[in-house]
**Q** 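So that we are looking at the same thing, I have put the structure below in structure tokens.
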Protein chains: 2
Amino acid sequence: MEKKTKRNKYATLNDVAKLADTSIATVSYILNGSTKRYVTAELRERVLEAVKELNYMKSAVASSLKGKDRGILAVLVPQFDNPFFTKIIVAIEEVVHRYGYFISISTTVDDIGKEKEIIDKMIGQRVDGFIISPTIQGTENTDHLRRLGIPYVITERPLSGIAQYDFVGCDNWGCGYTATKHLIENGHKKIGFIGWNTLTNVGERENGYYAAMEECGLQVKKDWIELGSLDTVSGYQMMQHMLKTDVSAIVLGSHILAEGGIQLLREENISIPNDISTVIIGTPNWTRLSVPTFTCVHQLEHKIGTMAAEILMKNILNTEEDLSWHHEKLACELIIGESVKKMN
Amino acid sequence: MEKKTKRNKYATLNDVAKLADTSIATVSYILNGSTKRYVTAELRERVLEAVKELNYMKSAVASSLKGKDRGILAVLVPQFDNPFFTKIIVAIEEVVHRYGYFISISTTVDDIGKEKEIIDKMIGQRVDGFIISPTIQGTENTDHLRRLGIPYVITERPLSGIAQYDFVGCDNWGCGYTATKHLIENGHKKIGFIGWNTLTNVGERENGYYAAMEECGLQVKKDWIELGSLDTVSGYQMMQHMLKTDVSAIVLGSHILAEGGIQLLREENISIPNDISTVIIGTPNWTRLSVPTFTCVHQLEHKIGTMAAEILMKNILNTEEDLSWHHEKLACELIIGESVKKMN
DNA sequence: ATTGCTCAGGGAAACGTTTACATATTTTTA
DNA sequence: TAAAAATATGTAAACGTTTCCCTGAGCAAT
């Protein structure tokens, strides 16, 4: 049976009007349920039947040419097979769906060129707004949005050097601080930090670590800090270096790095928490399922997504009560697992 | 600093034409790089400058009214915080981005009503095609697409009772068969199966299990089969029942059920693989990171996404050599971990 | 001197909606 | 009973593109 290749034409208002023997204006009013128009039940019936008969489906493309909102939001993330972003997106979708909008997700793979490409294409589509976890190579792309007056909300990664924009992310400083403090409270004094060095928000995690150490009067040795790139291989390598030091506990600055690092620990038969304690920043599923379960600092991804979407929708629909810029940093939560040994 | 609420107007072809002191036709030809038009370098320059000056960004909305492709594909999945679908989507995005298209992802939460709602909205947007992992409550929604002549490709969950459509999924029968066969080859004879009962594709997994058992002359006891709903809670409960039986090994029909089931095993301090062996269908990350690592049947999600996207794009662009319907069932791969004990 | 090219560019009609405005028939109200 | 209001519908002008069809000028070959 061969595949049909011809594409059917969509029925138009005109087709419907002809079949129902009326005018397109009447059809349009009926279909939009407008109250500005009196229509006899009989005619309404005829029109509705014609619609069904012809499989008429209104073209949002044509409507939005007439100034109607598109009903589309663009969401840009670095990657979306990253549970952190996936969870944010799930929340965004829940919210915007309630508003009758939908989202178009694209991944920038942390490349400012691709980011620009995507943003331009989305502007071309006249999307109503953007939710962006921006790349860190610059702010030109969001500058462009601001110039054009297109509403946008930034998530997770703050823009540097710019004050006037809406932001929702987690308190990365707090993440680092909480993780470190927890280890200290369990009697650890020699604590390592594995992170990466390209993002300002992770720099914050590192600063939180330093703050906790300092607050407790603990000196930080240089080789307790490892910064690499954000992938499992790098996590693996940083853990190799870390094992040559004298730390008794490690803050794993990201779940991706944690995956690599823990892989190494397993290969070397190093026991968690007996040989080394860890706290992971981030809470992917596997931290609950593995043996041992992991102590993690949980970021409220769902709430980030929800808030970002609400702010954007209100901005678009102009229903915002509060006209100042949002700058929300959501607190993190410590989730106790079995990966931290109590020292005495 | 208060938030600006006024939305800037986009510059139009007309604006550009006026500023460059020419006609919109000329501008359009220049911007589209058409060869059907002779234009002096000087005028071209003027136009390009006006474009920059005005921040002109062509409206894909208006173009597509004139019959141009939208450049949008709709992707529908039951959920996307499910690594199985996430991976498919990542692959789809890679492919369509190469074609200069982009995707709009929505989740149906396995509800045929919401599925219809989304499909209608997407048709309204005049998307060029669909990639759908359909709900199982019926085929009306895809029937509708077929009636309208809109290209679509089905992934993972075959439509029942319909022959003429493009399909890409994995060989679920093979998944069940491979998992079971592996356990048998390791000397297990009393093997349980935990699955769920609402999807035809999972029924296939169960059938593969039966086939392997039968092939090896092994009788299946009724209480070795547990079917529930697709969530961790159900997985947990089914494992409870399973533990009351005499099985030495279990095929976990989905990674979601596996999460619940393994949770219980951990709580009860039942050792894998010493007390019980497991093979999981599906390969989320944690199966490699936990202790022990898990033996899994790997489904080629990335390839599913790639093929589905290629088929759809070729269909849309009419570059298809082969006009018969695709019906691809990708073979699975056994990945050996430490969760199966060798019996003798 | 008339054709017939190649260049260079403008005019205007679609595409499928929305909506302001106009028209015509009833019904109500003063 | 005439004017005003309510009811019921049609016409046509946008919206921002694309593209077909013109108009002219300059030049070479009849």
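Below, chains carry the letters A, B, ... as their sequence lines are ordered, and counting in each starts from 1.
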**Q** Kindly state each residue pair satisfying salt bridge (charged side-chain N to carboxylate O under 4.0 Å, His left out) with at least one member in residues 22-42 of chain A, sequence neighbours excluded.
**A** A:E42-A:R46

**Q** Salt bridge or not for A:D128 and A:K68, using N-O below 4.0 Å?
**A** no

**Q** Do any side-chain atoms of residues 303-313 of chain B form donor-acceptor pairs under 3.5 angstrom with protein atoms, and if so which ones, sequence neighbours left out?
**A**
unit_1 : atom_1 : unit_2 : atom_2 : d
B:T306 : OG1    : B:H302 : O      : 2.8
B:E310 : OE1    : B:Y99  : OH     : 2.9
B:E310 : OE2    : B:R98  : NH2    : 3.3

**Q** Please determine, by modelled atom types, if B:T135 and B:T108 share a side-chain donor-acceptor pair under 3.5 angstrom.
**A**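 Looking only at side-chain atoms, B:T108 and B:T135 do not form any donor-acceptor pair under 3.5 Å.
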
**Q** Between the protein and nucleotides 24-27 of chain D, are there any N/O to N/O pairs under 3.5 Å, and if so, what are the atom names and distances?
**A**
none

**Q** Ring centres of A:H327 and A:Y165 under 6.0 Å apart?
**A** yes

**Q** Just list the side-chain donor-acceptor pairs under 3.5 Å for residues 70-80 of chain A, sequence neighbours left out, or say none.
**A**
unit_1 : atom_1 : unit_2 : atom_2 : d
A:R70  : NE     : A:Q125 : O      : 2.9
A:R70  : NH1    : B:Q125 : OE1    : 2.8
A:R70  : NH2    : B:Q125 : OE1    : 3.4
A:Q79  : OE1    : A:N82  : ND2    : 2.7

**Q** Give a yes or no on whether a salt bridge exists between B:D143 and B:R147, defined as a side-chain N under 4.0 angstrom from a carboxylate O.
**A** no

**Q** If we ignore hydrogens and angles and just use 3.5 Å, is the side chain of A:D15 paired with the main-chain N or O of A:T12 as donor and acceptor?
**A** yes

**Q** Write down the distance between CZ (A:R44) and C1' (D:dA8), rounded to a whole number of angstrom.
**A**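 For the pair A:R44 CZ and D:dA8 C1', the rounded distance is 12 Å.
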
**Q** Report the distance from atom NZ of B:K18 to atom C1' of C:dG9, rounded to the nearest whole Å.
**A** 19 Å

**Q** Run the side-chain contact (heavy atoms from CB on, under 4.5 Å) test against A:I30 and tell me which residues pass, sequence neighbours left out.
**A**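 Per chain and number, A:I30 pairs via side-chain contact (heavy atoms from CB on, under 4.5 Å) with A:T26, A:V39, A:R44, A:V47, A:L48.
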
**Q** How long is the line joining NZ of B:K36 and P of D:dC22, in whole Å?
**A**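 Interatomic distance, NZ of B:K36 to P of D:dC22: 15 Å.
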
**Q** Rounded off to whole Å, could you give me the CG-to-C1' distance for the B:L31 and D:dT19 pair?
**A** 15 Å

**Q** Can you sort out which residues in residues 45-54 of chain A have a heavy atom within less than 4.0 Å of DNA chain C? Ascending by number, please.
**A** none

**Q** CD1 of A:I162 to CG of A:L159: how many Å apart, nearest 0.5 Å?
**A**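 It comes to 5.0 Å.
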
**Q** With sequence neighbours excluded, what pairs up with B:K314 under the salt bridge (Lys or Arg N to Asp or Glu O under 4.0 Å) test?
**A** none

**Q** Restricting to side-chain contact (heavy atoms from CB on, under 4.5 Å), what partner residues turn up for A:Y10, sequence neighbours left out?
**A**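 side-chain contact (heavy atoms from CB on, under 4.5 Å) check on A:Y10 returns B:I123, B:R126, B:I150.
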
**Q** Roughly how far, to the nearest 0.5 Å, is CD1 of A:I118 from CZ of A:F130?
**A**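 It comes to 10.0 Å.
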
**Q** Grab the N/O contacts between the protein and nucleotides 5-8 of chain C below 3.5 Å, and write none if there aren't any.
**A**
unit_1 : atom_1 : unit_2 : atom_2 : d
C:dC7  : OP2    : B:Y38  : OH     : 2.8

**Q** Would you give me the side-chain donor-acceptor pairs under 3.5 Å for residues 50-60 of chain B, sequence neighbours excluded?
**A**
unit_1 : atom_1 : unit_2 : atom_2 : d
B:K58  : NZ     : B:N32  : OD1    : 2.7
B:S59  : OG     : B:V61  : N      : 3.2
B:S59  : OG     : B:A62  : N      : 3.0

**Q** Along nucleotides 11-18 of chain D, 5' to 3', which nucleotides get a B, which get an S, and which get a -, given that the test is a protein heavy-atom distance under 4.0 Å?
**A** B--BBBBB

**Q** What is the nucleic acid contact for B:T22, judged by heavy atoms within less than 4.0 Å: base, sugar-phosphate only, or nothing?
**A** sugar-phosphate

**Q** Does any donor atom in the side chain of B:Y101 or B:D69 lie under 3.5 Å from an acceptor atom in the other side chain?
**A** yes

**Q** Return the angle between end axes of the helix from C:dA1-D:dT30 to C:dA30-D:dT1, with five pairs used per end and rounding to 10°.
**A** 60°

